[in-house]
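Just so it is clear, the structure is predicted and the values come from calculations on it, not from any experiment.
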Amino acid sequence: MSREGSKVYESLERALDAVGVESGMTVSFHHHFREGDLVVNMVVEALARRGVRDLTLAPSSLTSVHAPLVGRVKDGTIRSIRTSGLRGPLADAISAGLMDEPILVHSHGGRARAMDSGEVAVDVAFLGVPACDERGNANGTAGRSACGSLGYAMVDARNARKVVLLTEEIAPYPLGPASIRQDQVDAVVKVDSVGDPAGIGKGATRMTRDPRELLIASNAARAIEAVGVVRDGFSLQTGSGGASLAVVRFLREAMLRRGVKASFALGGITSQLVRLHEEGLVGALLDTQSFDLDAARSLAANPGHREIDAAYYASPGGKGCAVDALDVVVLSAMEVDLELNVNVITGSDGVIRGASGGHCDTAAGAALTVVVAPLLRGRLPTVMDRVTTVVTPGRSVDLLVTDRGMAVNPRRPELLEALTRAGLPVRDVAWLKRLAESYTGVPRPVEFDDRVVGLVEYRDGSVIDTIRRPKALAR
Amino acid sequence: MRLRRSMLYVPGNAPAMLRDAHIYGPDSVMFDLEDSVSPREKDAARHLVFRALKDYDYAGVERVVRVNGLDTPYGLEDIQAVVAGGVDAVRLPKTDCPEDLLAVERAVEAAERRFGRPSGSVKLIAAIESARGILSAREIAACSPRLVAIAIGAEDFVTDLHTTRSPEGVELLAARSLLVMAARAAGIMAIDTVFTGVDDEEGFLREARLAKQLGFDGKSVIHPSQVALIRFVYEPSPEEIAKARRVVEAAADAEAKGSGVVSLDGKMIDKPIVERALRVLALAGEASE
Amino acid sequence: MTIVNEASAGTAESGDARVTVRPNAGGGIALELRGPSVARYGDEIRAVALSTLEALGVADAAVTVDEKGALDATIRARLAAAAGRAAGAGDMPWEAMS
């Protein structure tokens with residue numbers, strides 16, 4: 001250390017010397033910098049250079065910027081990966097059989113459960129922060145690469161045996177508020193850059209203008225209103241783009257029309273939700289992930305906009321979490337089947353390209369779970385006999401809304417009645433599938449071989465499905 | 001009573017748009033082979049529209065095709081393709097005189113025979129886009145039993161007048177009114193011109209309300225977002241609907257009694273009032289008989 | 001219809017297909033399919049292409065279909081347009097094309 005009480009090391013190498021990372025350890029990261037993350041690649045490369053091998057990588061999620069990890073798997077630095085999602089060259093390579101050990105795909109709530117319960121023991125957490133002080137107090141709203149909420153990182157910070165903060169800026173002590181606290185932190189390293197602001201998020205999230213997505217969103221909002229959810233004090237969560245986010249626009253109109261205010265919005269926070277909060281239409285914003293600078297700014301400025309960690313958000317393991325208080329969640333889907341099971345992790349070709357994220361957590365917790373999707377994507381039906389991979393079980397899904405009609409889970413006859421009475425286009429799932437196939441024809445099924453490349457873990461830790469290698473990728 | 005509040009334009013050379021145009025709820029979809037298709041792609045667009053008519057289900061939404069004029073190399077073959085494909089109505093652009101429309105009628109009639117479609121099953125819509133055409137609107141509107149609507153094409157029309165379009169539309173006032181009058185005299189529909197400002201919701205609503213006030217039955221639209229706006233403009237208020245129901249009931253009562261006089265609240269109700277009430281109920285989506 | 005030139009129709013946009021038709025005198029129909037849907041729908045696309053050519057009365061042609069999620073109707077339309085261009089045909093046998 002360079003000063004009494006200061007935990008600042010002059011380089012990542014010195015910090016690694018002090019903390020001690022050995023082969024076979026489990027190292028963790030957060031994904032608050034999204035497509036702009038620089039930390040995972042930087043740290044893993046440094047570990048590789050030191051000859052560390054057989055690591056278990058436990059980031060909260062991975063994106064296409066983590067392609068260099070392919071090389072780190074091949075050279076033995078990384079032996080296993082547990083993540084909420086991945087895409088790009090790393091995902092393609094893993095689908096093709098890159099790793100001897102199947103990856104583990106978990107939900108956000110499941111990760112918090114596993115870490116808080118000790119089921120997953122993290123040896124060292126490497127957490128990138130835009131700014132921190134010399135003793136390790138940090139948040140996500142100060143600094144050039146502001147990312148807003150550090151909700152995922154907070155779980156790592158309290159559970160990992162050792163915590164290393166990588167920061168772009170050492171701020172004067174004491175930095176506040178402290179999302180990550182000095183009593184959790186072992187080492188601080190100043191680096192040039194922890195995240196590329198362009199990849200972290202834009203100034204404001206743009207709502208879709210695609211007429212089809214707006215049609216889906218409008219129908220979803222009408223359905224949500226028709227079943228009686230839009231009343232004073234209700235709570236909501238939506239996705240961060242596409243039709244799912246666009247529902248916010250139409251719900252807002254419904255709220256204004258009815259003179260109703262929501263008590264809170266949860267999850268990934270975008271400028272649209274910030275606007276509703278600042279208009280007084282939504283009481284509180286409970287933020288695990290801030291998707292744009294508006295959200296990061298609001299988190300710092302608005303007392304009603306609060307950072308929550310992933311366990312508070314979605315962990316099923318503890319004494320109850322925020323998703324249980326949700327009246328409605330609007331989720332997207334890559335595939336939905338006749339039982340309303342949802343796939344958000346593998347594409348139509350069977351290749352990994354997506355994330356489990358908070359999907360199964362919110363679906364389980366919310367009183368009304370609405371899945372929105374176009375009936376067709378290109379020549380592929382969204383609705384099929386059986387999804388390629390189950391991430392969210394159909395029992396958690398209440399309503400599927402497409403651009404060609406909606407379908408209700410048969411376990412919710414009261415929803416069916418309310419929607420029919422409102423004159424909404426209700427069909428059954430089988431009808432939607434047939435309509436899709438009337439346009440596309442019936443696709444030949446994707447063929448997989450026996451090689452298991454991934455396990456999909458439900459939020460409670462049980463394995464809900466396996467991901468196998470597509471035959472087309474086997475060579 | 002077929003409504004034509006919104007007629008949604010779809011370029012004929014856009015495969016994905018052709019398939020799904022009806023899902024946005026327009027009363028008619030209008031596949032365009034004319035101004036939105038370049039000369040090099042006229043043949044390809046014709047094939048796309050033919051297949052769309054033949055293969056896709058439009059859930060009862062009226063399918064219209066704007067063909068090229070018979071004075072172009074494309075018009076006659078367009079008519080073959082769309083009649084063979086099963087089109088509901090052919091829209092002729094730039095109709096200047098009744099003979100323009102009658103020539104199309106003859107070509108359509110021949111195509112119906114060629115492809116085994118019942119004679120008269122293909123309707124016509126005439127777009128009037130010139131001063132000459134507007135001044136002949138009365139004759140055009142009355143010249144064919146297949147003609148179900150006349151429309152005004154403002155862009156070409158104001159160019160013909162040597163002026164430009166303004167937000168208030170004063171340069172179109174006479175033409176719009178003449179068109180509506182010609183349509184009413186012939187007992188057919190009048191359709192207003194497109195509003196190109198896709199992002200200008202306020203401007204669109206202003207123009208649509210003007211058109212409705214002038215008596216237009218509907219408007220051509222170029223974007224799905226405009227379909228919902230038109231519906232909103234043409235939607236009768238709850239009070240109008242309630243009043244219309246009472247008028248229609250009174251008319252039904254009179255008919256049941258074998259009386260020629262319809263009365264409501266002590267007042268006599270003329271036939272035009274009853275017809276207006278039926279139109280209100282149709283706009284409200286309630287069956288009239 | 002006799003194919004005498006090489007001609008194409010369609011674009012590389014999502015939902016469309018680019019179809020090229022070339023002469024193949026005495027060689028029957030040679031069909032090459034490319035694109036993301038071929039693995040799942042290859043048989044269907046092939047059948048659609050062959051029936052379209054038959055309806056047009058094309059017996060000899062080398063055809064390439066490069067699709068990007070195009071549905072059958074689009075493939076039929078693009079193929080008919082390309083064949084018409086390649087044959088220099090003016091009028092189409094619409095009644096045969098069902």
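Separating the CG atom in Asp16(C) from the CG atom in Leu48(B) is a distance of 7.0 Å, to the nearest 0.5 Å. Interatomic distance, Thr11(C) OG1 to Asn13(B) CG, rounded to the nearest 0.5 Å: 9.0 Å.
Most heavy-atom pairs under 4.5 Å with chain C: of the set Arg114(B), Arg19(B), Glu41(B), this distinction falls to Arg114(B). Options Gly69(C), Ala80(C), Ala17(C), Gly84(C) differ in how many heavy-atom pairs under 4.5 Å they form with chain B, and the most are formed by Ala80(C).
For the pair Arg51(B)/Met97(C), a side-chain contact is recorded, criterion being any heavy-atom separation below 4.5 Å from C-beta on. Proximity of His47(B) to Met92(C): side-chain heavy atoms (C-beta onward) are separated by under 4.5 Å at one or more points.
No more than 12 heavy atoms of other residues, nucleotides or ligands lie within 6.0 Å of CD in Glu13(C), so this atom counts as exposed by the packing criterion. Counting heavy-atom neighbours within 6.0 Å of Glu201(B) CD, excluding the residue itself, gives a total of 12 or less. The environment of Glu54(C) atom CD is sparse: at most 12 non-hydrogen atoms of other residues, nucleotides or ligands sit within 6.0 angstrom.
Of all the heavy atoms in Gly90(C) and Glu77(B), the pair that sits closest is O-OE2, 3.9 Å. Closest approach of Ala44(B) and Ala81(C) over heavy atoms only: CA-CB, 3.9 Å. Minimum heavy-atom separation, Pro15(B) to Gly15(C): CB-O, 3.9 Å.
Checked against the 6.0 Å centroid threshold, Trp94(C) and Phe115(B) do not count as a close aromatic pair.
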Test side-chain contact (heavy atoms from CB on, under 4.5 Å) applied to Gln80(B) and Asp91(C), step by step:
CA-CA 9 Å; Gln80(B) 307 311 302; Asp91(C) 309 331; over 6 Å; no
